[in-house]
Novice: 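Dropping a structure here in structure tokens format, bear with me for questions.
Since we're looking at a predicted model, the values are computed, not measured. Note on naming: letters A, B, ... go to the chains in the order of the sequence lines (proteins, then strands), and numbering restarts at 1 for each one.
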Amino acid sequence: MKSGYLKQAWLVLALALCFGAALAVVQVAWGPKIEQNKENDARSQIPRLVVGAGADLTPAGRNVEIRDERGLRAYRVYRAMCAGEGGRSVQIGWVVKAKGPGYADNIELLVGLDLKAETITGLAVLAQNETPGLGNAIKAPAWRRQFAGKAAGGRLEAVKGTPHADCEIEAVSGATISSQSVCDIVNRAVADFRAKLPELRDEE
Amino acid sequence: MAWTIIILAAGSMLLLAVLMACVLGWANKTFCVEVDPRIERVNEALPGANCGGCGYIGCNEYAEAVVAGNAPADLCTVGGTSCAAALAEILGLEMEESWPRRPVVHCGARTADRLQRNEYRGEPTCAAANIISGVQGCVYGCLGLGDCRQACDFDAIHIIDGLAVVDYEKCVGCGACARVCPRNIISMVPFKAEQMLAVICSNKDFAKDVKAVCRVGCTGCGLCAKMSELFTVSDNLPAIDYDRYDAAAFVQDIAKAVEKCPMKRLFYVGKPTDKDLAATADEELPDAIQADFRTTVDKTEWHG
Amino acid sequence: MTTMSDKTSYVRGSGSFRGGVHPPGFKAQAAERPIEVAPQPQQVNIPLLQHTGAACEPAVQPKQQVRSGDVIGDAEAFISAPVHTPIAGTVGRLSVATLPNGRHVRTVPVRADGEQLTGQSLWDDIFGGDWPTDGLEKHDPTKIVQATHDAGLVGLGGAAFPTHVKLTFNEKKPIDTLLVNGCECEPYLTADYRLMLEAPAPIIVGAILAAAAVRAKRIIIAVEDNKPAAVEKMRDVAGGAGVEVAVVKTKYPAGSERQTIFTVLGRKVPVPGLPLDVGVVVLNVGTAAAVARAVLRGRPLTHRVVTVTGPGIREPKNLLVPIGISYGELIEYCGGLTLDAARVVAGGPMMGFALGSFDTPVTKGTSGVVAMTHRDIRRAGETNCIRCGRCVDACPVNLVPTKIALATRNADWDLAERYYITACNECGCCAYVCPAGIPLVQLIRAGKAQMPKE
Amino acid sequence: MVETTKDTNEAKKPAAAIHVAPAPHLSSGSTSRRMMIDVLIALVPVAAVSLWIFQWYALKQIIVCVAGCVVAEAVFTAMRRRPIALGDCSAVVTGLILAFSMPGTAPWWVGAIGSAVAIGLGKVVFGGIGQNIFNPAMVGRAFVMVAFTKFLGAGGYVDIHAAADAITQATPMTAAFKAGEGFDLLKLLTGQTNGSLGETSAIACLLGGLYLCIRRTASWQIPAGAILGLLAAAGIDNLAHPAASWTALHHLFGGAFMLGAFFICTDPVTSPLTSKGKFIFGLIFGLLVMLIRLFTNYPEGVMFSVLLVNAITPLLNRWTVRKPLGWVAEARK
Amino acid sequence: MAKDGPTPLERFIHGIIPENPVYRQLLGMCPTLAVTGNMAAAMTMSAAVLFVMVGANVITSLIRGLLKPHLRILIFTLTIATFVTIADKFLAAYVYQMSKELGPYVPLIIVNCIIICRCEVCASKQSLRAAVADAVGQSIGFALALASIATVRELLGSGSWFGIELFWRKGTPGEACRWAIMNQPPGAFLTLGLLLGAAVWIALAWNKRTKVNI
Amino acid sequence: MELIGQLILIAVGAAMINNFVLHYFVGICPFIGVSRRVDMAFGMGCAVTFVVTVAAFLSWIFTFFLLQPGAPLAQWVVGLFLPAETAAKVDLSVLSYIVYIFVIASSVQFVEMYVRKFFPVLYKSFGVYLPLITTNCAILFACLYIMKNVVGVGPAEQWDLARSLVLAIFAGVGFTIAILIMAGIREELDACDVPEPLRGAGITLIVAGILALAFLGFTGMDRGLAGLFN
Ligand SMILES: Cc1cc2nc3c(=O)[nH]c(=O)nc-3n(C[C@@H](O)[C@H](O)[C@H](O)COP(=O)(O)O)c2cc1C
Ligand SMILES: Cc1cc2nc3c(=O)[nH]c(=O)nc-3n(C[C@H](O)[C@H](O)[C@H](O)COP(=O)(O)O)c2cc1C
Ligand SMILES: Cc1cc2nc3c(=O)[nH]c(=O)nc-3n(C[C@H](O)[C@H](O)[C@H](O)COP(=O)(O)O)c2cc1C
Ligand SMILES: Cc1cc2nc3c(=O)[nH]c(=O)nc-3n(C[C@H](O)[C@H](O)[C@H](O)CO)c2cc1C
Ligand code: SF4
Ligand code: SF4
Ligand code: SF4
Ligand code: SF4
Ligand code: FES
């Protein structure tokens with residue numbers, strides 16, 4: 001009985017077999033390259049994220065997880081490594097991957113910090129879905145550059161027009177909400193990270 | 001490593017396919033619902049115009065009715081005889097010979113021929129005007145507001161000087177106009193020849209009452225019936241027996257009747273002969289196409 | 001049964017109904033004009049179908065001599081009524097006429113000839129004289145029904161439904177109330193009003209006879225509150241006879257029987273269905289008077305009261321006219337049309353039919369002739385429906401007229417039926433209020449006519 | 001004989017031709033055009049306050065939008081080869097409402113594009129007056145709002161250097177939601193605040209709105225439902241945050257709610273037919289406005305709420321059809 | 001069906017305008033709306049569709065003799081899914097940024113009705129040559145349609161074409177004049193709706209003039 | 001509470017803000033094709049909701065256990081033959097598209113046959129739509145959406161079955177809402193004088209555009225509402 005069905009469907013079976021195999025071949029052939037692309041994409045941000053060129057990202061031994069009354073927050077943390085003297089690579093800073101609500105959808109950021117997590121060294125936007133032409137201007141390098149050099153201890157604030165105080169960031173015009181969202185994500189991630197920094201240090 | 005993945009991938013796919021094939025095959029057997037395969041075939045043989053000319057909601061409905069034996073196989077006018085033959089073959093039926101039916105408007109009064117007309121202010125359709133009295137004296141004749149023109153999908157009937165006129169070149173005989181005419185003055189006549197004789201009046205009143213409302217109306221004098229047995233007069237109006245109609249056999253009777261008819265209400269209708277065409281060769285055809293202001297007939301079909 | 005003078009104590013319904021419109025009454029023109037007897041016509045054309053139901057067959061031959069009240073057409077079918085000649089004279093050759101309601105019917109012409117009843121004597125014969133109120137209940141119901149049938153009685157309220165059918169006793173659907181409809185909610189018309197003022201006795205007597213025929217225990221006369229004089233008069237006369245008077249709010253169409261029954265008794269007549277289904281029979285006041293005449297005097301329905309009025313008429317009048325007289329003669333008698341008259345309507349302006357020809361004969365159902373000027377019939381130029389919903393608010397039977405009308409235009413009968421096209425009573429409220437000037441009722445009526453019948 | 005009857009017939013006819021027509025032969029005398037003119041009259045107080053507060057900013061915007069809508073109507077209907085019916089004044093109403101829903105600061109071409117979209121995409125593609133599904137003015141405003149957020153977002157309302165005082169401050173709604181500030185109710189009523197041209201004065205809107213309801217040009221059920229819906233939702237919010245300075249009354253009189261409830265939702269074309277439907281329509285509108293004000297990124301939700309309730313209007317129509325008086329369902333079978 | 005079908009060349013031409021998949025057949029509306037925000041994405045999508053369509057039509061045409069009626073749709077989808085995966089991986093491997101931008105709309109080609117429709121209507125009944133011609137014609141028609149929509153949307157929405165800024169440049173005051181709506185869902189629907197109307201209008205006018213049914 | 005907040009976020013997001021039709025442009029074909037009558041649209045909406053739920057359920061199972069990198073099932077099979085390290089790296093995600101489409105097609109066909117046999121009334125009202133939507137983007141898109149949240153995300157954020165099902169059901173609800181509204185509007189438009197070239201698909205798309213415009217009003221509402229629960 002069963003073989004009857006199978007006989008009818010022999011073409012399907014054959015094709016399934018062939019296609020499965022073919023796709024696996026594709027995966028074998030291009031998989032590594034795709035992985036590489038993804039990696040490169042993330043890495044291409046690093047030089048701008050951390051002081052010093054030629055840095056490389058290595059995932060830290062553990063991620064930072066914070067659980068408080070607002071729920072569980074998890075950040076992926078990377079060490080920024082740089083070729084130092086004698087070919088030994090030395091750590092020059094940290095990179096934290098953080099995610100939070102933006103105007104329309106979640107925004108995913110990479111925040112670069114110096115070794116002691118005292119200064120923000122840079123910011124990259126990995127994923128966002130803000131309004132094209134408005135909120136999505138947070139991707140612009142010129143806008144992100146404002147974050148470099150800000151003190152990691154302070155609370156960043158997006159303001160309209162020229163910023164006056166040190167902790168102020170000039171909001172993208174017409175997109176204060178998106179800008180403030182970025183600030184909020186950075187503020188929280190940096191605070192959470194700094195709280196866990198000793199533990200991470202201890203790992204070394 | 002590479003081979004592992006390939007084998008695993010191919011293996012999983014195969015397994016999946018086998019699983020699905022078995023389940024579906026089994027389900028196909030177990031959950032099978034009987035459908036008469038002929039419905040499908042009839043459906044394919046029908047033109048799929050869904051025009052409703054057959055009297056059913058759409059081709060599919062008709063197909064079901066035909067297969068169920070509730071409808072004759074020759075109702076589809078768009079598909080014509082070839083379609084009917086195809087259906088008959090599918091159903092194993094014998095086909096009788098059938099003549100194509102074409103509409104005849106049984107009214108011949110142009111605007112100037114109609115008496116006792118009043119200005120009418122209301123919905124400009126025949127159906128609406130038909131329930132108002134006094135639009136025109138004759139309560140039988142064409143109202144000339146063109147419901148039939150609206151109903152015709154083939155642009156084959158037009159209102160010319162207040163009277164509906166069929167364009168037999170374009171008409172496919174779907175009968176939509178006949179169904180829609182509120183005065184029922186369009187009948188579907190079996191066209192045994194290119195041109196058929198017809199009585200072009202519908203007024204059943206007494207001669208004096210007819211004359212009061214129409215310059216050309218049939219008075220029911222009965223002369224035609226005296227000339228030929230093809231005609232029978234009842235209710236002051238002659239009718240032609242189309243079952244027995246044969247232009248060749250009755251040619252003389254008909255000629256006499258046509259000649260004697262005092263109101264000249266007997267006409268040949270149908271496709272124009274070569275002679276007619278030659279006579280009107282240099283006349284411009286009226287441009288009868290008009291914008292349709294009201295209906296959104298949505299013809300999109302789903303393709304997904 | 002006791003008489004009550006307090007309005008609320010016997011009005012069970014709300015005294016009004018949902019929907020409806022308030023067109024100006026325009027009744028002043030003819031309301032104070034007593035009923036005159038119209039002069040004798042030279043000829044009448046008696047249509048063989050003047051009612052709802054089957055047509056009559058001619059019962060006379062051309063050149064035959066007939067006396068006033070003789071049968072002209074015989075009714076074979078149950079739902080039908082014979083017709084009689086109002087004048088004495090000679091029968092002419094059969095002809096046809098198109099009635100204002102669109103019916104194309106055969107007519108029998110009768111040329112006046114010989115001795116006629118006219119003027120006061122005609123009035124006395126029909127409404128005058130004594131109308132005894134005693135012992136009416138003792139009349140045999142079947143005799144009453146037979147008398148109304150033989151008299152060719154049909155409803156004079158407009159629908160012209162044969163009265164004997166309504167009065168026939170039905171075991172399964174017992175009747176408890178007889179409602180006499182004196183609302184006359186149509187603007188302009190005053191025929192019923194005048195009749196209530198001038199001939200209250202036959203109305204009451206007819207109502208009691210009709211109630212006896214259907215074995216109804218209650219008799220209620222419904223009158224709109226814009227006719228206080230009629231209310232007073234009816235109360236005076238009804239008081240002694242055990243007939244109640246209900247005063248209903250003035251609103252069109254308070255006189256439509258479904259609405260009247262709801263207003264007075266709070267009962268909803270089922271759709272589809274008849275007042276019979278809720279135990280009520282409704283008679284127009286004129287019909288009631290004709291019942292009295294038919295039963296007590298054995299006289300057929302040959303005359304009726306017609307209001308000839310409107311701004312397009314020089315001298316508005318209420319006339320007692322012989323059935324079969326032409327509209328033209330009535331208008332002539334009332335001084336003719338003014339120069340700006342633009343439309344002549346048979347019946348009231350809300351539901352009446354525009355006249356195409358003045359030769360058309362008056363029938364049993366004709367309640368008035370209203371001549372209107374260009375100014376009166378002005379209405380909004382037609383635009384698209386702006387979906388304002390006024391028609392919905394106005395419809396007394398809760399329909400959505402705009403949807404039905406549009407469905408009719410698009411020949412979408414399923415849709416029309418989904419919006420209950422068949423429930424429309426064609427009152428015209430919707431078209432009256434429509435700011436877009438859409439002929440809603442005409443579309444609905446055409447739709448009903450066009451709808452494929454199952 | 002035939003001849004004589006004909007003669008008498010002619011003789012009795014008056015000079016003007018008698019014609020036949022369907023009943024009823026009377027009409028209430030109200031016309032679509034008269035309704036539109038009513039709206040224009042009702043908008044006079046709103047326009048007056050607007051001109052007083054925003055001066056020539058208002059004048060400019062009104063001229064641009066009204067002219068834009070009228071021209072668009074003429075051009076688009078001509079393109080469709082339909083009779084151009086500017087006489088019904090509906091294009092003027094659309095233009096005015098559009099102008100009143102825009103900030104005075106928006107450049108003239110924003111108004112022009114808004115008008116073209118309002119009439120083109122909001123009205124003519126559906127077949128012209130009476131057939132549109134969505135409120136044309138709101139379609140126009142939504143389009144330009146999403147297209148040119150800079151000019152119509154909160155930022156767009158403020159121009160520090162503007163000649164009119166009101167324009168130099170943030171709009172009350174923005175102030176409330178960004179900074180949590182309360183606001184003087186009296187100012188919301190009289191309209192001495194920044195905002196869209198027609199929205200600032202609740203009193204002016206109420207005045208015109210009541211006129212419309214009394215004239216029965218607008219159905220009272222819609223504003224009644226809307227106010228009820230808004231107060232219910234805002235009331236719950238008040239109870240949840242008793243300390244908040246922005247109360248239910250602020251919600252009622254602030255922003256464009258009054259203008260929306262009385263002038264925009266009441267557009268007969270895009271609101272339901274039945275009274276029940278109208279009330280539900282208003283109710284949903286009020287609730288949606290509060291939903292958007294409280295839970296989304298927008299300080300105001302009138303425009304979106306109007307479009308959303310417009311969208312469900314056909315369904316409301318369908319679901320609020322009553323049974324005819326005395327209808328017996330079983331009898332049909 | 002008994003008549004001689006169109007030649008491969010005719011099939012090729014038909015696909016481009018007279019039977020344009022988007023404007024005339026209303027097929028594959030989803031990607032049409034989703035990826036026409038700019039020209040680059042639209043063209044990448046078109047290329048992917050071309051590849052998948054040709055691949056699937058070829059395979060279907062080759063195995064057309066072996067098809068069983070009730071299993072044929074399943075086989076089409078399997079074939080298409082395979083080619084789509086290949087295209088998707090290719091994009092991810094070689095044009096990573098674009099692959100990121102197109103996101104899930106590349107895999108959605110699997111269920112794009114155009115391809116199934118062509119497999120069903122044409123490839124499963126025709127020779128290889130006809131199938132390929134048909135696939136290429138339809139793909140070009142699809143590409144043209146996408147290009148028309150993307151052009152309108154990119155020009156109005158960003159003042160650029162293929163990413164080249166032509167007017168309303170970034171950083172200038174003119175930037176505020178960009179129609180941001182064009183980059184968002186409503187803009188996509190409205191543009192396609194209006195262009196579709198324009199296409200039908202042209203077709204109607206054309207039909208009227210030539211009195212030929214396309 | 002936190003989970004409810006997250007589920008609300010997903011639900012409101014899928015049904016209103018990121019409505020599948022009006023925001024992601026998927027399922028346009030049935031949206032245009034079957035939105036001419038309200039009852040048909042409702043049947044279609046129910047069918048889509050049902051199918052998308054079934055598909056989400058199956059695709060989550062397959063993705064989680066078989067397709068994601070290091071999926072338990074794949075790992076176990078390979079572990080039978082090869083050392084554990086290699087097994088841990090097994091990644092069959094390349095098969096995901098083909099598996100999804102295969103699984104969806106088969107399961108829908110199965111359900112269709114089942115319903116047709118045992119619930120003919122149900123079948124008449126909405127079963128007829130089932131085969132039409134097997135190959136509909138909305139369904140596949142839901143699977144891909146779920147895959148995006150299962151494959152290649154950290155364990156803390158990886159979606160479980162509950163979240164996947166909520167997404168699917170509410171995506172279906174969102175589709176139903178959109179198509180119902182559209183059908184209501186199109187019934188109304190039947191009586192309107194829409195320009196000839198725009199009749200049918202053209203006006204439907206324009207209405208969809210205006211609807212999408214209106215739905216933009218919900219932007220951010222998911223977080224606003226979820227905020228009530230945190
Ligand atoms: C269609 C549309 C899209 C928007 N997109 C964004 C956005 O991406 N980011 C943002 O912060 N605000 C966005 N907004 C909202 C702002 O315009 C809003 O008014 C905000 O408060 C901007 O304030 P600002 O002008 O003070 O910067 C959008 C508004 C609309 C109508
Ligand atoms: C809209 C409408 C209005 C009516 N108005 C009246 C009226 O004012 N007076 C009246 O007697 N009948 C009126 N009728 C007729 C009544 O419904 C009912 O048929 C009549 O009263 C029955 O009495 P009859 O059979 O004696 O005519 C109206 C009917 C309709 C549909
Ligand atoms: C009729 C009308 C409708 C409006 N609708 C909205 C709306 O839906 N959304 C909105 O943000 N602003 C709307 N506004 C503008 C706001 O009422 C107000 O100006 C707001 O504070 C500016 O908000 P923004 O920051 O979002 O631009 C509308 C104004 C009017 C007059
Ligand atoms: C009470 C009332 C309110 C109206 N409101 C609007 C409106 O908000 N927007 C608009 O474009 N037209 C409005 N109109 C005008 C008109 O109805 C509108 O242009 C139609 O939608 C065009 O078909 C209104 C009309 C009335 C009678
Ligand atoms: S034939 Fe009938 S439908 Fe046609 S115009 Fe004449 S009356 Fe109208
Ligand atoms: S004229 Fe038109 S509607 Fe009438 S039968 Fe011929 S094709 Fe049909
Ligand atoms: S005519 Fe019919 S639809 Fe119109 S108001 Fe009267 S009952 Fe209602
Ligand atoms: S009253 Fe007239 S305009 Fe108003 S909804 Fe009814 S039909 Fe439309
Ligand atoms: S292309 Fe998306 S449903 Fe057809």
Novice: Contact part of C:Cys388 toward chain D, heavy-atom cut-off under 4.5 Å: side chain, backbone, both or neither?
Specialist: both
Novice: Does C:Phe17 have C:Lys251 sitting over its ring (NZ/CZ under 6.0 Å from centre, angle to axis within 45°)?
Specialist: yes
Novice: Below 4.5 Å from any heavy atom of chain D, which atoms of C:Met372 appear? Answer side chain, backbone, both or neither.
Specialist: side chain
Novice: Parallel, tilted or perpendicular for C:Tyr188 and C:Phe26, by the 30°/60° rule?
Specialist: parallel
Novice: Under a 3.5 Å cutoff, is there a donor and acceptor pairing between the side chains of C:Tyr327 and C:Asp359?
Specialist: no
Novice: Tell me, for C:Pro396 versus chain D, whether the close heavy atoms (under 4.5 Å) come from the side chain, the backbone, both or neither.
Specialist: backbone
Novice: Against chain D, label C:Thr373 side chain, backbone, both or neither, depending on which of its atoms sit under 4.5 Å from a heavy atom there.
Specialist: neither
Novice: So what's closer than 4.5 Å to chain D heavy atoms on C:Gln259: side chain, backbone, both or neither?
Specialist: side chain
Novice: Hey, are the side chains of C:Val345 and C:Val369 touching, using non-hydrogen atoms and a 4.5 Å cut-off?
Specialist: no
Novice: Using heavy-atom distances under 4.5 Å, tell me whether C:Leu440 contacts chain D through its side chain, its backbone, both, or neither.
Specialist: neither
Novice: Please state whether the side chain, the backbone, both or neither of D:Ser271 comes within less than 4.5 Å of a heavy atom of chain C.
Specialist: backbone
Novice: Sort out for me which of D:Ala21, D:Pro272, D:Pro22, D:Pro324 touches chain C most, counting heavy-atom pairs under 4.5 Å.
Specialist: D:Pro324
Novice: What are the two closest non-hydrogen atoms of C:Pro23 and C:Tyr432, and how far apart are they?
Specialist: CA-OH, 3.2 Å
Novice: Could you state the interatomic distance from NZ (C:Lys27) to CG (C:Leu189), rounded to the nearest 0.5 Å?
Specialist: 6.0 Å
Novice: Quick check on the interface: out of C:Val278, C:Asn398, C:Val370, who has the most heavy-atom pairs with chain D under 4.5 Å?
Specialist: C:Asn398
Novice: In terms of heavy-atom pairs under 4.5 Å, which option from C:Ala436, C:Gly389, C:Pro349 contacts chain D the most?
Specialist: C:Pro349
Novice: Counting heavy-atom pairs under 4.5 Å to chain D, which of C:Gly348, C:Gly352, C:Cys434, C:Pro439 comes out on top?
Specialist: C:Gly352
Novice: Does any heavy atom of chain D fall under 4.5 Å from the side chain of C:Val269, the backbone, both, or neither of them?
Specialist: backbone
Novice: I'd like to know if C:Arg267 pairs up with C:Glu257 as an ion pair, taking the criterion as any Lys NZ or Arg NE/NH1/NH2 lying under 4.0 Å from an Asp or Glu carboxylate oxygen.
Specialist: no
Novice: Identify the heavy atoms of C:Ile421 and C:Gly447 that sit nearest to each other, and give their distance.
Specialist: CD1-C, 3.9 Å
Novice: Do C:Glu329 and C:Ser326 pair up side chain to side chain, a donor and an acceptor below 3.5 Å, judged on atom types alone?
Specialist: yes
Novice: Just checking, any donor-acceptor pair under 3.5 angstrom between side chains of C:Asn425 and C:Arg258?
Specialist: no
Novice: Under 4.5 Å, counting heavy-atom pairs only, tell me which of C:Lys268, C:Met350, C:Arg18, C:Arg387 racks up the most with chain D.
Specialist: C:Arg387
Novice: Under a 4.5 Å cutoff for heavy-atom pairs, which residue among C:Lys403, C:Arg378, C:Arg390 has the most contacts with chain D?
Specialist: C:Arg390
Novice: Is any side-chain heavy atom of D:Phe100 closer than 4.5 Å to a side-chain heavy atom of D:Leu43?
Specialist: yes
Novice: What residues of residues 24-37 of chain D sit under 4.5 Å from chain C when only non-hydrogen atoms are counted?
Specialist: D:Pro24, D:His25, D:Leu26, D:Ser27, D:Ser28, D:Ser30, D:Thr31, D:Ser32, D:Met35
Novice: Any idea which of D:Asn132, D:Thr270, D:Thr266 has the most non-hydrogen atom pairs under 4.5 angstrom with chain C?
Specialist: D:Asn132
Novice: To check you understand the geometry: which heavy-atom pair defines the closest contact between D:Ser275 and C:Asp393, and what is its length?
Specialist: OG-OD1, 3.3 Å
Novice: Does atom CZ (C:Arg314) have a neighbourhood of more than 12 heavy atoms from anything else shown, all under 6.0 Å?
Specialist: yes
